[in-house]
Amino acid sequence: MYALVDCNNFYASCERVFNPSLENKPVVVLSNNDGCVIARSNEAKALDIPMGAPAFQYEKLFERNGVYVFSSNYALYGDMSRRVMNILSRFTPDIEIYSIDEAFLLLEGFEEHFDLYSYGREMIKAVRSKTGIPISIGIAPTKALAKVANKIAKKFAARTGGVYIIDAPEKTRKALLWTKIGDVWGIGRQYEKRLLSLNIKNAQQFVELHDEYVRKEFSVVGLRLKRDLSGLTTLSLEATPLKKNIAVTRAFESMYSNYAELKERVSTYAIKIGEKLRRQGSNCSLLQVFLLTNSFRQDLKQYRASISVYTPYPTNSSITLVKTALTGLDMIYKEGYQYKKAGIIAMKLTPSTQKQFKLFSQENPKHEQLMKVVDQLNFKENGKVKFGGQDLGRTWKIKQEKLSNKFSTRLNELIIIKI
DNA sequence: TCTGGGGTCCTAGGACCC
DNA sequence: TCTGGGGTCCTAGGACCC
């Protein structure tokens, strides 16, 4: 059996842990630059605030309904996620961390020794008491069915106690009939449209389609999903693998038209890419750089461009990455446009332990040491070391007007309790 | 005025090889 | 009129996920 454990309204719950007065109140968390709603408490969902809602369009509604609004605090959410996953790992040796707030647990043979429902309830209690985060658990013979069970556990929390188990054919059938086709894991908007036009409205009808047909229309991905949903184990647990691509992409707080500003931002993104590569222990050989104008402003001239540039050798040195990224920027930059977003994606990643010797070009061996020192200083001093190409005065800043403290990772931002 | 960021996988088609 | 038959590798684009 597989369990899918999912944190309820994760980002909103993280904010609540350190601010219990938010309990039972509507809470939303915004994306970078305080742009869109990316997380909502149940109370906020009940106010019909959709996922992705532009914050400026909902300001009035927030005010009228006393909605508590937060900028996203990834330092906090990332750390809370790590804590939750650590606790879950105590319940089984086989765990796949699927996203920041979800994990699959393999409970093979556990049903012979434990009552799975009580086991799930214990997980909920442990995570709640040690981190403050509420979770829901779906348990079933396959991953896709565990996803379905999880939805049921959450939807009927009062009745299920947050744990739902699919362990018999009648239960499977009932659960699949209940699941709307668009809510099935792996069925997105496009597939949903196509299936609805064929009058396939729920997961049970999807499972009854012919294999060949599913394969033809939805590729092998769809077929695997169908088999897994029907109870045949097709998707297995995967050790959380190294990333194959690493990206840093950001919208600017305003539009930039001059090259110097873009150059500074792209340099900063390249440096961030370097940090992420070093954290994973990877080098990259190919950088893709892209540039976009503001597509919401159709009254302005539009331009989008992207280019791939090879690094001279596999590297994670911020210095080399900046040089490479700027080469790319030079090639795609055009004067006369107002740019709103830029990004860099590092591709063709290899382990940094694996040294490749090139005939004519090699990295200056001092880079490795230098980067190590920079990373250590930046960890201790919270990002104080910068490179010459960066804006030292930091005239730009992402908009984060409602940022909470880094309660769990910074000593000087600890929660203060007055007695 | 204001509209996120970061990933994965698959397929089709082109370039190239023998 | 008629123009082979395999392969591999790469990329762009499109679907999906959170």
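The figures here come from the full heavy-atom set of this structure, side chains too, leaving out hydrogens, waters and symmetry mates. First the proteins, then the strands, lettered A, B, ... as listed; each starts at 1.
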Does [N] have its OP1 or OP2 closer than 4.0 Å to a side-chain nitrogen or oxygen of [X]?
{"X": "T249(A)", "N": "dG6(B)", "result": "yes"}
{"X": "R250(A)", "N": "dG6(B)", "result": "yes"}
{"X": "K341(A)", "N": "dG5(B)", "result": "yes"}
{"X": "K216(A)", "N": "dT11(B)", "result": "no"}
{"X": "R215(A)", "N": "dT11(B)", "result": "yes"}
{"X": "N245(A)", "N": "dT8(B)", "result": "yes"}
{"X": "R224(A)", "N": "dC9(B)", "result": "no"}
{"X": "K340(A)", "N": "dC2(B)", "result": "no"}

[X] near the nucleic acid: base, sugar-phosphate alone, or nothing, with a heavy-atom cut-off under 4.0 Å?
{"X": "Y98(A)", "answer": "sugar-phosphate"}
{"X": "I345(A)", "answer": "nothing"}
{"X": "I246(A)", "answer": "sugar-phosphate"}
{"X": "V184(A)", "answer": "sugar-phosphate"}

In whole angstrom, give the distance that lies between atom [atom1] of [X] and atom [atom2] of [N].
{"X": "Q338(A)", "N": "dT3(B)", "atom1": "CD", "atom2": "P", "result": "13 Å"}
{"X": "L223(A)", "N": "dC16(C)", "atom1": "CG", "atom2": "C1'", "result": "16 Å"}
{"X": "L287(A)", "N": "dT11(C)", "atom1": "CG", "atom2": "P", "result": "14 Å"}
{"X": "I307(A)", "N": "dT11(C)", "atom1": "CD1", "atom2": "P", "result": "13 Å"}
{"X": "M347(A)", "N": "dT11(C)", "atom1": "CE", "atom2": "P", "result": "8 Å"}

Among [options], which nucleotide sits nearest the side chain of [X]?
{"X": "Y191(A)", "options": "dT3(B), dC16(C), dG4(B)", "value": "dC16(C)"}
{"X": "A251(A)", "options": "dG6(B), dG5(B), dC2(B)", "value": "dG5(B)"}
{"X": "Q190(A)", "options": "dC2(B), dT8(B), dA15(C)", "value": "dA15(C)"}
{"X": "C36(A)", "options": "dT11(B), dT11(C), dT3(B)", "value": "dT3(B)"}
{"X": "Y74(A)", "options": "dC18(C), dG4(B), dT11(B)", "value": "dG4(B)"}

Using only heavy-atom distances, determine whether the side chains of D6(A) and S136(A) contain a donor-acceptor pair under 3.5 Å.
no
Inspect the surroundings of NZ in K171(A) and state if more than 12 heavy atoms from other residues, nucleotides or ligands are less than 6.0 Å away.
yes
What heavy-atom pair brings M85(A) and A103(A) nearest, and what distance separates the two atoms?
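What the structure gives for the nearest pair is SD-CB, 3.8 Å.
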Tell me whether the centres of the aromatic rings in Y256(A) and Y339(A) are closer together than 6.0 Å.
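No, the ring centres sit 6.0 Å or more apart.
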Aromatic ring proximity Y98(A)/F104(A), centre distance under 6.0 Å:
yes
Go ahead and name the base partner of dC18(B); Watson-Crick or wobble counts if both distances stay under 3.5 Å, otherwise write none.
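When the pairing criteria are applied, dG5(C) turns out to be the nucleotide that pairs with dC18(B).
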Using a 3.5 Å distance criterion without hydrogens, assess whether the side chain of N283(A) forms a donor-acceptor pair with backbone atoms of T350(A).
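Not a single qualifying donor-acceptor pair exists.
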